[in-house]
Amino acid sequence: MARRYDYMDWLRVLSIFVVVGIHVVSKIINSTTTDDWIWHFANVFDAGLRWCVPIFFMLSGALLLTRDKEESVWQFLQKRLSKVVIPLIFWSFVYTLYNIYELGESYTAYEILVQFLTDDIYYHLWFLYTITGLYIMAPFLKLLVAYMDKKTFQAFLVFWIVFASFLPFLPKFLGFEIALDAGLFQPYIGYFLLGAYLVLYPIPKKYLMPLGVLAAISYFATLWGTYYLNIGLPAGEFDEFFYEHYRPNNLLITLFIFVGFQHMANKIKPNALITRISTATFGIYVIHPLIQIYMNKFFGLNETTFNPIISVPLVWILIFTLSFAIILAMQKLPVINRLVP
């Protein structure tokens, strides 16, 4: 499937913009308590934004697992892994330097290696490790997609929802978890395959309204559930159970947004700026925490510089715009452009 989907470009751009927003409001929600109005202000935003990362996995699955192009496993891996492993090594080094020179951390070479191997260098780099794992699995998942009929595919997705979305409620609220570890139904594999399913078997438009209702209910469930779990917790001990990407509430919101964009596909026209930002999403993702940090350090601009009603959208837009501008420049430089593919 070689052709470009314009709606996917728009969806990718919206998702990266939302990622930046999450990392702005999460600073508030992690440093205040439910006794503060500002916590509720941040929760209103954050509760409705957690669909953005699953969308990235779905877009990758939609494009990679439904391709008609024949490639050997090694051709596939060589092409994809180079685009994520090289940037992962470089940006891990960059954030290690930040930890050393800005946070005063001290590491031996062995400790740096261990941190790199265990995804413990900087909070947002986890995505690069996860997508690397999915890329490694993709040639084999592609065969699975090719030979599953629609009903078998649906059965797979049902099992994924049970194992990834519902079973975690047992230890959280009932105090026990079942011993069965169904590895193939791990959370992000399901989103990867769900993207492919929705391209192959689009959900009819008549189901869009019911999905919208379920998404709205899910948003309020996230809002209330997060408040309920955090009542009485001190600042810095935020319980994000309902914020997790693979909870049923976030799955339904994600599904509604993806399907909604699919049904707008005929109305979405090519846009040069959107296409350009879409090709910069990886770079924006890896660099925006640094922009956030140094905007605060050098200019005193953060989510609480002014009233949060003003500061949050202002800082959000500034971080996104500066990140895009820097990545745009980096992508025009030979060699450097390989670090922000």
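In this text, all values refer to a predicted model and were calculated from it rather than measured experimentally.
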Within the 6.0 Å centroid threshold, strictly below: [X] and [Y]:
| X | Y | value |
| --- | --- | --- |
| Tyr7 | Phe261 | no |
| Tyr285 | Phe56 | no |
| Tyr188 | Trp126 | yes |
| Trp224 | Phe242 | no |
| Phe241 | Phe169 | yes |
| His40 | Tyr227 | yes |

Can you tell me if [atom1] on [X] sees more than 12 non-hydrogen neighbours from other groups inside 6.0 Å?
| X | atom1 | value |
| --- | --- | --- |
| Tyr228 | OH | no |
| Phe93 | CZ | no |
| Tyr207 | OH | no |
| Trp37 | CH2 | yes |
| Lys205 | NZ | no |
| Glu105 | CD | yes |
| Phe173 | CZ | yes |
| Tyr201 | OH | yes |

### Intermediate values then yes/no, side chain to side chain contact (heavy atoms under 4.5 Å, CB included), Trp91 and Val340
CA-CA 10 Å; Trp91 290 102; Val340 285; 3.9 Å; yes

As an exercise, state the distance from [atom1] of [X] to [atom2] of [Y], rounded to the nearest 0.5 Å.
| X | Y | atom1 | atom2 | value |
| --- | --- | --- | --- | --- |
| Ser323 | Leu328 | OG | CG | 12.0 Å |
| Leu200 | Asp149 | CG | CG | 12.0 Å |
| Leu290 | Ile319 | CG | CD1 | 11.0 Å |
| Arg12 | Ile277 | CZ | CD1 | 12.5 Å |
| Leu255 | Leu198 | CG | CG | 6.0 Å |
| Gln292 | Glu303 | CD | CD | 6.5 Å |

### Message
Could you check whether Glu71 pairs with Lys142 (Lys NZ or Arg NE/NH1/NH2 to Asp/Glu carboxylate O, under 4.0 Å)?
### Response
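No salt bridge links Glu71 with Lys142.
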
Please check this pair: side chain of [X] against backbone of [Y], looking for a donor-acceptor N/O pair closer than 3.5 Å.
| X | Y | answer |
| --- | --- | --- |
| Asn99 | Ile121 | yes |
| Asp9 | Asp6 | no |
| Tyr219 | Val44 | yes |
| Asp239 | Asn230 | no |
| Ser82 | Lys79 | yes |
| Trp51 | Leu251 | no |
| Gln75 | Ser72 | yes |
| Ser165 | Tyr246 | yes |
| Trp316 | Phe17 | yes |
| Ser278 | Ile274 | no |

Side chain proximity check, [X] to [Y], heavy atoms < 4.5 angstrom:
| X | Y | answer |
| --- | --- | --- |
| Arg50 | Thr222 | no |
| His23 | Lys27 | no |
| Tyr243 | Ser26 | no |
| Glu102 | Ile293 | no |
| Val20 | Ile291 | no |
| Leu77 | Trp74 | yes |
| Val53 | Tyr191 | no |
| Leu88 | Phe116 | yes |

### Query
In terms of ring plane angle, is the pair Phe153 and Tyr197 parallel, tilted or perpendicular, where the classes change at 30° and 60°?
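It falls in the perpendicular class, over 60°.
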
### Aromatic plane relationship, Tyr95 with His124 - under 30° parallel, 30 to 60° tilted, over 60° perpendicular
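His124 vs Tyr95 ring planes: perpendicular.
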
If you compare all heavy atoms of [X] against all heavy atoms of [Y], which two are closest, and at what distance to 0.1 Å?
| X | Y | value |
| --- | --- | --- |
| Pro341 | Pro87 | CD-CG, 3.7 Å |
| Ala62 | Gly195 | CB-O, 3.5 Å |
| Val25 | Ala42 | O-CB, 3.7 Å |

### Query
Name the one of Phe192, Phe127, Tyr135 that satisfies ring pair (Phe, Tyr, Trp, His ring centres under 6.0 Å) with Phe57?
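Answer after filtering Phe192, Phe127, Tyr135: Phe127.
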
#### Entry: Single hit among Ile317, Asn302, Asp46, Val312 for side-chain contact (heavy atoms from CB on, under 4.5 Å) with Val24
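With Val24 as partner, Ile317, Asn302, Asp46, Val312 yield a single side-chain contact (heavy atoms from CB on, under 4.5 Å), made by Val312.
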
### Task
Indicate, with yes or no, if Ile112 and Tyr110 share a hydrophobic cluster defined by side-chain heavy-atom contacts under 4.5 Å among Ile, Leu, Val, Met, Phe, Trp and Tyr.
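Tyr110 does not cluster with Ile112.
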
### Task
Test Leu273 against Phe324 for side chain to side chain contact (heavy atoms under 4.5 Å, CB included), laying out the working first.
CA-CA 11 Å; Leu273 178 60; Phe324 173 55; 4.3 Å; yes

